[in-house]
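Below: one structure, written as structure tokens.
Everything numeric in this text was worked out from a predicted model, so none of it was measured.
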Amino acid sequence: PDRKLKKKNRYLFVSKIMKILVTGGAGFIGSHTISHLLSQSDHSVVCVDNFNDYYNPAFKERNIGPFLENRRFRLYRNDIVDLDGMSELFEKEKIDKVCHLAARAGVRPSIADPFIYEETNVKGTLNLLDLSRKHNIKNFVFASSSSVYGNQKKVPFSEGDQLDWPISPYAATKKAAELLAHTYHHLHGLNCTGLRFFTVYGPAGRPDMAPYKFTKWIDEGHPVTKFGDGTAKRDYTFIDDIAQGVIAALEKNLPYEIVNLGNNKPVELNYFINLIERLVGKKAVIKNLPMQPGDVDITYADISKARKLFGYNPKTTIDEGMEQFVHWYKHDSGNN
């Protein structure tokens, strides 16, 4: 049955009730996406996550805790690289749509161990694409990354830019996933939408990312590692804005599209550190180091396509978003 329109300030769902597979669903972006799906729609969610040790799995356990008693939520502790296990899941659950957010993340770790990135981000994505083909999935939405843009000088970054020069294995695997998705759309008519995320942050953020690390270091009086002179810029995008874009992509059923999801307002590293100092109420101890291999000077999203296709409209400024993050860090993260 069709669902009624939801209340004001909620996303408007008018499609039929679906069963949505969310891979990486216990992670940062995945768990926020699931929270929005369960609270603002009648969809049911099948969550897959392997709870690996890239960072402390306790973070993921805490992320999914609120969902475990929800009758529309089901958790599988599977690895997307395990084709047999994923095949059994597709057979059992009768999935309608796939929201593929599982990945090995991070530029610098991919340089240290590129093989695990290839296995998860390329083979794992290929497994899911082929299962989606076999099971007539209506829409395959997957996470790409702003890293695919490399160190190009043209800004803002647009989806039509030529991207033949990745500068990290992570970026190369994300671009490979986009190419595989296009192949499956071309050969099999699978609806695929790739979302290039730009530096997502917010409450329950990953502990390996700068917002969490810098906040922790400044709060505890440890040196903040600053790579370069502090003029590098990142297009920090608040998690609720990202979740809005992911859900809109799931609803649209587009044939094949690559779409930026960013905030369209790059923030300089020096400003970012100063902002955290103000919010935490402590001065940072800075440890200056050169720029690292694989790092880029700027990320800056052209979001005109997302606005046109999804009505995407990021609303959270870096000051507002980091205020929410620091509040979470101090009161709900278990660090204080």
Checklist entry - Do Y54 and D208 get their side chains close enough for a donor-acceptor pair, meaning under 3.5 Å? => result yes
Checklist entry - Below 4.0 angstrom, N of the basic side chain to O of the carboxylate: do D297 and K153 qualify? => result yes
Checklist entry - Under 6.0 Å from the NZ atom of K226, do we count more than 12 heavy atoms belonging to anything else shown? => result yes
Item to check | Residues D96 and K19 bridged, charged N to O under 4.0 Å | outcome: no
Checklist entry - When you check the side-chain N and O atoms of T317 and D319, is any donor under 3.5 Å from an acceptor? => result no
Checklist entry - Considering residues at least two apart in sequence or located in another chain, which fulfil the side chain to side chain donor-acceptor pair (under 3.5 Å) criterion with Q162? => result D164
Next on the checklist: Quick check on the hydrophobic clustering: are V148 and I258 connected, directly or via other members, by side-chain heavy-atom contacts under 4.5 Å?
Outcome noted: no
Checklist entry - V246 and L254: same hydrophobic cluster, using ILVMFWY side-chain contacts below 4.5 Å? => result yes
Item to check | Ion pair check, K123 and E118, cut-off under 4.0 Å | outcome: no
Item to check | Side-chain heavy-atom pair V285, I218 within 4.5 angstrom cut-off | outcome: no
Checklist entry - What pairs with Y300 under side chain to side chain donor-acceptor pair (under 3.5 Å), at least two apart in sequence or on another chain? => result none
Checklist entry - What orientation do F325 and Y212 show, parallel under 30°, tilted 30 to 60°, or perpendicular over 60°? => result perpendicular
Next on the checklist: Please report whether the ring centroid of F272 lies less than 6.0 Å from that of Y236.
Outcome noted: yes
Checklist entry - Should the heavy atoms of other residues, nucleotides or ligands under 6.0 Å from CD of E323 be counted, would the total exceed 12? => result no
Next on the checklist: Checking side-chain polar atoms at under 3.5 Å, does T237 have a donor or acceptor matched by the opposite partner on N263?
Outcome noted: no
Next on the checklist: Any donor-acceptor pair under 3.5 Å linking the side-chain atoms of K97 with those of N191?
Outcome noted: no
Checklist entry - Is the NZ atom of K154 crowded by more than 12 outside heavy atoms at less than 6.0 Å? => result yes
Item to check | Six-ring centre of F59, R62 cation under 6.0 angstrom, axis tolerance 45° | outcome: yes
Checklist entry - So which of H188, H182, H186 actually passes ring pair (Phe, Tyr, Trp, His ring centres under 6.0 Å) with Y184? => result H188
Checklist entry - Is the NZ or CZ atom of R278 both under 6.0 Å from the centre of the six-membered ring of Y271 and within 45° of that ring's axis? => result yes
Next on the checklist: Quick check: do V141 and H100 have side-chain heavy atoms less than 4.5 Å from each other?
Outcome noted: no
Checklist entry - According to the interplanar angle, ranging from 0 to 90°, do the rings of F67 and F73 count as parallel (below 30°), tilted (30 to 60°) or perpendicular (above 60°)? => result tilted
Checklist entry - Do the side chains of I167 and W165 get nearer than 4.5 Å, heavy atoms only? => result no
Checklist entry - Please, which pairs that meet salt bridge (Lys or Arg N to Asp or Glu O under 4.0 Å) have at least one residue in residues 169-185, sequence neighbours excluded? => result K175-E178, E178-R196
Checklist entry - E93 and side chain to side chain contact (heavy atoms under 4.5 Å, CB included): which partner among R74, E88, H135? => result R74
Item to check | Distance-only side-chain donor-acceptor flag, E251 / H43, under 3.5 Å | outcome: yes
Next on the checklist: Tell me whether the NZ or CZ atom of R206 lies within the 45° cone about the ring axis of Y201 and under 6.0 Å from its centre.
Outcome noted: no
Item to check | Pair R72 + D42, salt bridge at N-O below 4.0 Å | outcome: no
Checklist entry - Do the charged groups of D130 and R133 touch, with an N to O distance under 4.0 Å? => result yes
Item to check | Side-chain ion pair, E277 and K283, N-O less than 4.0 Å | outcome: yes
